[in-house]
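Have a look at the structure below, then the notes.
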Amino acid sequence: MSENQTIYAAFAEKLDAVLSALEMEGTLPPETNRANVSVEPPRDPSHGDLATNAAMVLAKQAKTNPRALAQQIVEHLQRDPAITSAEIAGPGFINLRLASQSWIEELSAIAAKGDDYGKSAVGAGTTVNIEYVSANPTGPMHMGHCRGAVVGDALASLLEHAGHEVTREYYVNDAGGQVDTLARSAHLRYREALGEDIGAIPEGMYPGDYLVPVGKAAADEFGNRFVSEPEEEWLPIFRAFAVERMMDVIRSDLALLGIEHDVFASEAALQAAKKPEAAEAWLREHDLVYDGVLEKPKGKTIEDWEAVELPLFRSTKFGDDQDRPIRKSDGKWTYFGADLAYHMQKAEAADALIDIWGADHAGTVKRIKAAVAALSEGQGTAIPFDVKLVQMVQLLRGGEPVKMSKRSGNFVTIADMVEEVGKDVVRFTMLTRKPEAQMDFDFAKVIEASKDNPVFYVQYAHARICSILRKAGAENLSPSEESLYLLGEDELTLIRQAAQFPREVEAAARAREPHRIAFYLYDLAAAFHAFWNLGNDNAQKRIIVAQSPELSGARLFLATQIGQVIRNGLGILGVEAVEEL
RNA sequence: GCGCCCGUAGCUCAGUCGGAUAGAGCAUCGGAUUCCUAAUCCGGGGGCCACAGGUUCGAAUCCUGUCGGGCGCACCA
């Protein structure tokens, strides 16, 4: 086995060699198409350690029936001493059993690789930029941002484990009209901090208390310099000041979830650098932007709608319903106009881009994908670009929907959430379902049932392992690689489960689905708990067996490696591997 | 009206590039603790994989249509 190879890949190579041999013999035609051949652990463990569909997939090409071809393959495979049995089953599956030595070696491999076990090189040499969260800098983070934040962060770690170089990026929307509102709201709080009675917060301003400290900070910074100045004097200053403060709040909210971005990209800076102008010029040159009139929107009535000529991007050429404006009628950039330039900026430093968006932005996916495709292909390098939509989380408390409105200042913040249930529970809960399905998050249930939360189940397995190692230490026993041959079928079952970890990481990374790791860890923890409980019925099956330091050493070594795999997996998810519960 | 996502056990959800008898947790019923952490384990009951066609050696999985739920359809962000 080579350095970074999984046990499954190793046997896939052996099978490949057999198929090549059969081509040489003429049983198979030369250059058979093996694209659909797989080597996988069968779902039902009684079928063996590995199964391949090779005979069924290739029978047609070989102009024979699957079971006959399987027989040929089996004869070759049986010559391998690492394969103790090769059987044909059902319509032509080949089930393999591996010598226990193969599994024992895998256990040693876990120990040798340690924290690197599960890492892979499939993504080596590719830089991936993943943009996630990107919440508007107008207030603290609320629960609506949480799922995308956690999924994006776990995906970033997952891709790192697969060998990619990853940039975690946050796009700060500090150029739009909502920042004016923020600045005015902050100015109001500033006057309040200087002793003015501001009364009720007027309609159209952000009423949240989180702006009170911003007002105080502004009072400390500026004194009464901007109290009675005209708005145009202070607005730009308050914009920058308030955004800076809000980003501090957001960064500390993200830190509560264990999230840290590498790059915070400012929309205002992008515009100051004239990036959108450059993109527009290029698009006009290639007839992808033209001046035209928007159609009246369908399915929604707008009272003051009127036809205006605007610069439009030809997104209909790429399957969108409508061409999309890149500038507003006042000449300023639309969100989309700036966003396409922003994606070009990201593409300059990465080989692939991923955006994590909330499902409420699904309608804008086509246009941005179209723009990135047009710009990156046009400029010579097609950049793979994936937008992952994270579906809405319905927040409940005891079955009743929790109303959230940023405008009224009434929303559940991430800080509240983490304080109530803890970072690990929030992260694991968000990661134990696929992101494209909607989910309910019921505070009452999560808190009440926190002891049944799967995250504790996994952490408990890790804590138990730590506990047994502490206990062993007290009895002068320690994990030992010397006598692993003493391990039997119960232990091998556990090793087989652990050995799937690298495969799971690769598959999850390829599919860009971090939730698979969470489910895998649950299964691994279940296998360990089951193994542990064997000792309840039969003292000979405990990890520490008083009469045999050798067997104890081997089992402690096994437990240590299971702990290692759980730790590595939880590391991808950003969940703590606690040593005690 | 159009676009995107979802529909699997009473509930919450997994299900590998299409693979063998569709799996977990919760709930329910029955068991396991003088003994390494019972926040654990073992077992029972519970299924028209929304529905109807199609593709093929084989479909929960792929394609088409229907029904149901969510999100979106502004020069907002």
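A, B, ... follow the sequence lines: proteins, then strands. Residue 1 opens every chain.
At the heavy-atom level, A:G358 lies nowhere under 4.0 Å from the strands shown. Nucleic acid contact for A:D360: sugar-phosphate only, since backbone atoms but no base atoms lie under 4.0 Å from a heavy atom of the residue. A:E504 comes within contact range of no nucleotide atom at all, as no heavy-atom separation falls under 4.0 Å. Here A:A51 lies in heavy-atom contact (under 4.0 Å) with a base. Note on A:R516: only backbone sugar-phosphate atoms sit closer than 4.0 angstrom, heavy atoms only; bases stay farther off. Backbone-only engagement by A:A359 is indicated by non-hydrogen atom pairs under 4.0 Å involving sugar-phosphate atoms exclusively. A:D174 comes within contact range of no nucleotide atom at all, as no heavy-atom separation falls under 4.0 Å.
In this structure, of B:rC4, B:rC71, B:rU16, it is B:rU16 that holds the atom nearest to the side chain of A:E40. The side chain of A:K366 lies closest to B:rG3 when the candidates are B:rC75, B:rG3, B:rC5. Picking from B:rU40, B:rA39, B:rG19 the nucleotide with the shortest atom distance to the side chain of A:F456 gives B:rA39. Checked against B:rA77, B:rU16, B:rA32, the side chain of A:D537 finds its nearest nucleotide in B:rA32. Closest to the side chain of A:V308, from the set B:rC41, B:rC17, B:rC75, is B:rC75. Nearest to the side chain of A:R470, among B:rU37, B:rA14, B:rA39, sits B:rU37. Taking the side chain of A:P91 as heavy atoms from C-beta on, and the options B:rG19, B:rC17, B:rC75, the nearest nucleotide is B:rG19. Comparing B:rU16, B:rA77, B:rC36 by their nearest atom to the side chain of A:I544 picks out B:rC36. If you check B:rC75, B:rC41, B:rA24 against the side chain of A:A530, the one that comes closest is B:rC41. In the set B:rA24, B:rC5, B:rA20, B:rA20 carries the atom at the smallest distance from any side-chain atom of A:A89.
B:rG15 and B:rG47 are spaced 15 Å apart, taking the C1' atom of each and rounding to whole Å. Rounded to the nearest Å, the gap between the C1' atom of B:rU8 and that of B:rA60 is 7 Å. Annotation: B:rU33 and B:rU37 have their C1' atoms spaced 12 Å apart (nearest Å). For the C1' atoms, the distance from B:rA39 to B:rG25 is 14 Å, rounded to whole Å. Atom name P, nucleotides B:rC49 and B:rG30: the rounded distance is 31 Å, in whole Å. B:rU28 and B:rG10 are spaced 16 Å apart, taking the P atom of each and rounding to whole Å. Spacing between B:rC71 and B:rC13 at atom P, rounded to whole Å, works out to 16 Å. To the nearest whole angstrom, the two C1' atoms, one in B:rA22 and one in B:rU61, are 11 Å apart.
With hydrogens and angles ignored, the 3.5 Å screen pairs a side-chain donor or acceptor of A:N53 with a backbone N or O of A:S38. No side-chain donor-acceptor contact under 3.5 Å links A:E169 to the backbone of A:Y132.
Applying the ring pair (Phe, Tyr, Trp, His ring centres under 6.0 Å) criterion to A:H343, with sequence neighbours excluded, gives A:F385.
The CD1 atom of A:I326 sits 12 Å away from the C1' atom of B:rC75 (whole-angstrom rounding). In this entry the distance linking CZ of A:F528 with C1' of B:rA39 reads 14 Å, nearest Å. Distance A:E475 CD to B:rC36 C1': 8 Å, rounded to the nearest Å. Look at CG on A:N536: it is 13 Å from C1' on B:rU34, rounded to the nearest Å. When rounded to the nearest whole Å, the span between CG of A:L294 and P of B:rC73 equals 14 Å. Atom CD1 of A:I517 and atom P of B:rU16 are 15 Å apart (whole Å). If you take CG of A:D440 and P of B:rG70, they are 12 Å apart, rounded to a whole angstrom. Note: CZ (A:F336) to C1' (B:rA74) measures 14 Å, nearest angstrom.
Residues A:F528 and A:H462 place their aromatic rings such that the two centres sit no closer than 6.0 Å.
Per the stacking criterion (ring centres < 5.5 Å, plane angle < 30°), A:H361 stacks onto the base of B:rA77. Aromatic stacking is marked for A:F93 over B:rA20, as both cut-offs hold: 5.5 Å for the centres and 30° for the planes.
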(request) Could you walk me through whether A:H47 and A:F93 pass the ring-ring contact (aromatic ring centres under 6.0 Å, His included) test, one step at a time? (result) CA-CA 10 Å; A:H47 289 141; A:F93 286 101; 7.9 Å; no

(message) Between A:H515 and A:R433, does the side-chain contact (heavy atoms from CB on, under 4.5 Å) criterion hold? Intermediate values first, please.
(response) CA-CA 6 Å; A:H515 73 274; A:R433 56 216 68 210; over 6 Å; no

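One N or O donor and one acceptor, one from the side chain of A:Q438 and one from the base of B:rG69, sit under 3.5 Å apart. With hydrogens and angles ignored, no donor-acceptor pair closer than 3.5 Å exists between the side chain of A:D523 and the base of B:rA14. Residue A:S329 places a side-chain atom within donor-acceptor reach of the base of B:rC75, judged by atom type and a 3.5 Å distance cut-off alone.
Between A:Q178 and A:Y206 the shortest side-chain heavy-atom distance falls below 4.5 Å. By the 4.5 Å heavy-atom criterion applied to side chains, A:Q500 and A:Y8 are counted as neighbours.
Put simply, A:H515 has a side-chain N or O that comes within less than 4.0 Å of OP1 or OP2 on B:rG15. For A:Y460, no side-chain nitrogen or oxygen approaches OP1 or OP2 of B:rC41 to under 4.0 Å. A:K434 has no side-chain polar atom (N or O) that falls below the 4.0 Å cut-off from OP1 or OP2 of B:rU12. At B:rA38, one or more side-chain N or O atoms of A:W532 fall inside 4.0 Å of OP1 or OP2 (strictly under the cut-off). Contact between the side-chain N/O atoms of A:R464 and the OP1/OP2 oxygens of B:rU37 is not found at any separation under 4.0 Å.
Between A:R567 and A:E579 there is no salt bridge, since no side-chain N of the basic residue sits under 4.0 Å from a carboxylate O of the acidic one. By the 4.0 Å N-to-carboxylate-O rule, A:R503 lies too far from A:E506 to be salt-bridged with it.
Residues A:F519 and A:A539 both approach RNA chain B. Their nearest nucleotides, taken by heavy-atom distance, put A:F519 toward the 5′ side. Between A:A525 and A:N173, the residue whose closest nucleotide on RNA chain B is further toward the 5' end is A:A525.
Using modelled atom types, one finds a donor on one side chain and an acceptor on the other under 3.5 Å when comparing A:Y460 with A:R464. Inspection of the A:Q61 and A:N33 side chains reveals no N or O donor paired with an N or O acceptor under 3.5 Å.
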(request) Using a 3.5 Å limit on both pairing distances, list the dot-bracket string of RNA chain B from the 5' end; Watson-Crick and G-U wobble pairs count, crossing pairs take [ ], interstrand pairs take |. (result) (((((((..((((.....[...)))).(((((.......))))).....(((((..]....))))))))))))....

